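The structure appears below as structure tokens.
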Amino acid sequence: MIVAKGAQPGARYTRQMRGICLLLLSLSCAYRPVESSAYAVARAAPSSAGNVRISATRDPPGAEELGIVEAHGSATLEAVISAFRQRVAGMGGDYGRLDVVATKNAVVQESRSYECGSNQTHDETRFVTRANPDGTVSTGTETVSVTTYVSQTCWETRDVEVVTLSVVGRAFRTAREGR
Amino acid sequence: MRTIAAVLLLAVFGCRHAPPPVEAEHVLTGVTSAPYTGAVRIVMNGSPPGADYDEVAVVSTRGTNGNATLAAVLGALQAEAARLGCDAVIQVRYEPGGQVSSATGVAVRTRPAR
């Protein structure tokens with residue numbers, strides 16, 4: 001049996017590239033974006049460029065309520081609250097009041113690809129030139145078994161429990177800004 | 001090429017398969033103080049805090065697989081609050097799950113009684 005060594009580097013390169021693609025796919029699954037939205041309950045105000053203070057327990061005294069804000073995602077608390085802050089600032093607020101901070105589990109199907117190639121053997125006919133003992137040269141054919149690695153991508157799907165973190169609250173403009 | 005792939009594999013799957021026992025994080029909304037060494041109260045969402053307090057941070061914990069339990073997740077919530085100098089976590093919500101359980105709350109420092 002002859003192993004076609006010449007085919008190996010190409011197959012290895014293909015496997016490595018697929019491995020990198022798999023890594024990128026895993027990373028994209030791990031870091032899902034945070035989504036947010038807002039609903040204004042007061043007249044539109046220009047965006048606030050200043051710092052947005054956050055509280056999960058107290059409404060700001062004497063402040064104007066601008067709207068309802070929510071942010072959610074399968075992400076860190078920091079990322080979700082950061083999106084909440086941006087929404088508050090986008091409404092012209094400088095104070096975000098968190099009314100609800102909660103997590104929720106959901107089972108989602110996650111697909112993953114992996115390399116599942118295998119060595120495959122087939123017969124090859126080759127022309128062979130032989131030097132005979134009497135000094136003459138004869139040409140013929142011979143059949144040899146050649147094994148090559150045949151790359152293949154397989155997919156598997158499994159159920160994964162994903163945690164979505166969500167915050168819901170209100171945007172306020174306190175007296176210290178824009179008045 | 002093989003080395004780069006190995007490093008990337010280790011970075012991604014190594015981290016994912018060996019997570020800390022329970023992940024804990026916080027976002028500061030107030031001022032921290034020296035770590036609190038006493039017992040941290042857990043006050044579930046909807047229950048009154050029971051005393052005046054100063055808000056310090058929003059806290060969140062997440063336990064996976066063997067640590068997806070009420071005890072592990074709430075214990076981590078208490079530990080995270082204690083690290084921030086808090087003696088209570090209020091507005092606590094717990095979300096149970098098979099592979100992952102999580103909790104959120106607000107870490108506070110009770111004001112001394114006058």
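The shown structure was predicted, so the numbers you read here are calculated from the model rather than taken from an experiment. The chains referred to below are lettered A, B, ... by the order of the sequence lines, with proteins before strands, and numbering in each begins at 1.
In plain terms, the two heavy atoms of B:V100 and A:N105 that are nearest each other are O-ND2, 2.8 Å. Taking both residues in full, the closest heavy atoms of B:A103 and A:T103 are given as N-OG1, 4.4 Å, listed atom of the first, atom of the second, then distance. Pairing each heavy atom of B:V106 with each of A:A56, the nearest pair is CG2-CB, 3.5 Å. The minimum heavy-atom distance between B:E25 and A:E78, with the atom names listed, is OE1-N, 3.7 Å. Among all heavy-atom pairs drawn from A:A102 and B:R93, the shortest one is CB-CD, 3.6 Å.
Both B:V89 and B:Y36 sit in one connected hydrophobic cluster of ILVMFWY residues. Membership requires side-chain heavy atoms under 4.5 Å apart, directly or through other members. Under a hydrophobic-cluster definition in which Ile, Leu, Val, Met, Phe, Trp and Tyr are linked whenever side-chain heavy atoms come within less than 4.5 Å, directly or via other members, B:L84 and B:V58 are assigned to different clusters. No chain of hydrophobic side-chain contacts below 4.5 Å, direct or via other Ile, Leu, Val, Met, Phe, Trp or Tyr residues, connects B:L77 to A:I81. A:V34 and A:I54 fall within a single hydrophobic cluster, where Ile, Leu, Val, Met, Phe, Trp and Tyr are joined by side-chain heavy atoms under 4.5 Å apart, directly or via other members. Under a hydrophobic clustering in which Ile, Leu, Val, Met, Phe, Trp and Tyr are joined whenever their side-chain heavy atoms come within less than 4.5 Å, directly or via other members, B:V108 and B:Y94 fall into different clusters.
Only the backbone of B:P96 comes within contact range of chain A, with at least one heavy atom under 4.5 Å from a heavy atom of that chain. Interface residue B:V27: backbone and side-chain heavy atoms are both found under 4.5 Å from chain A. Heavy atoms of B:L28 lying under 4.5 Å from chain A belong exclusively to its backbone. Neither the backbone nor the side chain of A:S82 has a heavy atom closer than 4.5 Å to any heavy atom of chain B. Both the backbone and the side chain of B:Y53 come within contact range of chain A, each with at least one heavy atom under 4.5 Å from a heavy atom of that chain.
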Open item on the list: Assess the residue pair B:R62 and A:V163 against the criterion (side chain to side chain contact (heavy atoms under 4.5 Å, CB included)); give the C-alpha distance rounded to whole Å, side-chain angles, the decisive distance to 0.1 Å, and a yes or no.
Closed with: CA-CA 9 Å; B:R62 192 174 298 189; A:V163 177; 3.9 Å; yes

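At a cut-off of 3.5 Å, with distance as the only test, a side-chain donor of B:E55 or A:T57 sits close to an acceptor on the other residue.
Separating the NE2 atom in B:H26 from the CG atom in A:L77 is a distance of 9.5 Å, to the nearest 0.5 Å. Atoms CZ and OG1, on A:R58 and B:T29 in that order, are 10.0 Å from each other to the nearest 0.5 Å.
In this structure, the side chain of A:E161 does not engage the main chain of B:G97 through any donor-acceptor pair within 3.5 Å.
The residue among A:V107, A:L165, A:L98, A:V100 with the most heavy atom pairs within less than 4.5 Å of chain B is A:V100.
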